[in-house]
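Because the structure is predicted, anything quoted here is derived from the model rather than measured. Any value given below was found using the heavy atoms of this structure, including those in side chains, with hydrogens, waters and symmetry copies removed.
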Amino acid sequence: MKLYFVCSDFFNYDKSIKKELERIGYNVELISEYPFGGKFMKIFNRLSFGRLNFVFDNYYKKKLESVNEKDIVFIIKGETLSDSALDKICSKTKRVIIYQWDALKNNCNSRILLRYPNLITTFDPLDSSKYGLKYKALFHQVESFDSNSYKYKNLPVSFVGTVHGARLKKINEIETFLINQGVNFFFYKYYPSKLVFQIRKIVDTRLWGVDTKNVNFKPLDYSKYKEVIAKSKNVIDFPRDVQAGYTMRTIESLASNTKVITSADIVEGEYKLKGGGIYHLNEFNKAKFNEFLLNNNKFIFEEFDSLKLNNWLKAILR
C-alpha cells in the first residue's frame, strides 16, 4: 500500500506532513499541486477559477498512473485537479481523502471538488454545515503543552502573516499604538509577490495612503515562526473575512500556551478552552486591548492532544 500526498508548497507544511505520515508508517509520495510556473501559475490559475487545470492533466496522469485500489490518495486543497483527473483517481481507488485548510470560497476549484462531498473534510464549520462536509479543525506541531511556560515568555505580542485586503492598515494601527505605549513587539508583514503588491498598491483602494515600507516578500522560516510564537505572550491573527475556521496561527498559538488576539467572529467554547485565552478584536478598543495584552491569566487548551499532527492525520485518514 502506498499513500500519494497531493499538496502545495505552503510554508513547508507539505514536507512536515509527509515526514509525519512516514513516521506513522506510510510509504509516501509527495506530489506538488503546482509543479511548474511558481507564484504566477498560482495567480493565473486562481484568476481563471480553475479553467487552467487541464494543463496539469498529463502531470497527474504520470504521477498517479500506478495507483491501485489498495492505495490512498490524500489531497489538501486540490486547486489544480480537473474533473477528469479526479474521476480517474476515484476510478483507481476508493480511498480518496480531500482536506480543505481554506474556505471553499478561496478555492478556485471548489465547483469541481464539491462533486465529491463525501470525500471532503473541512476546517471551516460554515462550509461543513452549508455543503454537508465532514469537519475537522486544523493541526499543530507543538510537542508539549506546559501551562507554566507563560512566565518564560519575553515577547508581549507578535504578528506573522500575509497583509492581504485591509489587514495591513489594521496591523499598522496596532503597531503605532504599541510604539506609543512602549510595548515590545515583533511584526513580520508578508506578501508573496513584490510585483503583484506594487500593482495592488495602485488599484486596491484599501492600500491607498497606507504605510507599506515594512512589507517582506520572503516568508519567515517556519522554525523562526515557531520560535516567535513560543516566545510570545500574545499573537495577533487577522483571518480572511470569508472563512470561519480556526486558522493554523490560532491553533499553533493556543498549543504553545500563547493567547490569541483575533478579528474572527468565533465562540471560545468551540476551541475547548478553559480560563480565557482569546480576545475578539472586532473593533480596536485601546483600553480593552491593553488590558488583555498585559494580563497573565492562564488557560487550558483541551484539544492539544487531539490536534497534534500525528493524531490529526490518524483521524483524517481513518
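- With respect to Asp237 and Arg249, a salt bridge is recorded, a charged nitrogen being found less than 4.0 Å from a carboxylate O.
- Side chain of Asn311 to backbone of Asp305: a donor-acceptor contact under 3.5 angstrom is found.
- Residue Gln100 forms a side chain to side chain donor-acceptor pair (under 3.5 Å) with just one option from Asn107, Asn106, Thr122, and that option is Asn107.
- Using a 4.0 Å cut-off between a side-chain N of Lys or Arg and a carboxylate O of Asp or Glu, Lys169 and Glu173 do not qualify as a salt bridge.
- Of all heavy-atom pairs between Leu114 and Tyr131, the closest is CD1-CE2, 3.7 Å.
- Clustering ILVMFWY residues whenever any of their side-chain heavy atoms sit less than 4.5 angstrom apart, transitively, puts Leu309 in the very cluster that holds Tyr26.
- Residue pairs that meet the side-chain hydrogen bond (donor to acceptor under 3.5 Å, both in side chains) test with at least one member in residues 210-225, sequence neighbours left out, are Gln141-Tyr222, Lys201-Thr212, Asp211-Lys213, Asp221-Ser223, Tyr222-Glu252, Tyr225-Glu252.
- Remark: side-chain polar atoms of Ser128 are paired, donor with acceptor, to backbone N or O of Leu133 under 3.5 angstrom.
- Here the rule is side chain to side chain contact (heavy atoms under 4.5 Å, CB included) with Lys92, and of Val67, Asp87, Val73, Asp71 only Val67 fits it.
- Scanning both residues, Ser193 and Phe217, for their nearest heavy atoms gives C-CD2, 3.9 Å.
- When each of Ile171, Thr162, Val160 is paired with Lys189, the side chain to side chain contact (heavy atoms under 4.5 Å, CB included) condition holds for Ile171 and for no other.
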Could you go through the salt bridge (Lys or Arg N to Asp or Glu O under 4.0 Å) check for Lys62 and Asp57 one step at a time? CA-CA 9 Å; Lys62 182 178 179 180; Asp57 282 355; over 6 Å; no
Evaluate salt bridge (Lys or Arg N to Asp or Glu O under 4.0 Å) for Arg23 paired with Glu20, printing each intermediate quantity in order. CA-CA 5 Å; Arg23 189 178 298 169; Glu20 195 61 41; 3.2 Å; yes
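- Side-chain contact annotation: Thr80 with Tyr60, donor-acceptor N/O pair under 3.5 Å present.
- With Asn234 contributing its side chain and Pro156 its backbone, the two residues share a donor-acceptor pair below 3.5 Å.
- No hydrogens or angles considered: a donor-acceptor pair under 3.5 Å links the side chains of Thr258 and Lys153.
- Surrounding CD of Glu291 are at most 12 heavy atoms belonging to other residues, nucleotides or ligands under 6.0 Å away.
- Although no hydrogens or angles enter the test, the distance criterion places a donor-acceptor pair under 3.5 Å between the side chain of Asn109 and the main chain of Gly78.
- Between the side chains of Asn295 and Lys259, at least one donor N or O sits under 3.5 Å from an acceptor N or O.
- Between Asp102 and Lys77 there is a salt bridge, since at least one side-chain N of the basic residue sits less than 4.0 Å from a carboxylate O of the acidic one.
- One finds no salt bridge joining Asp83 and Arg111 here, because no Lys/Arg side-chain nitrogen approaches an Asp/Glu carboxylate oxygen to under 4.0 Å.
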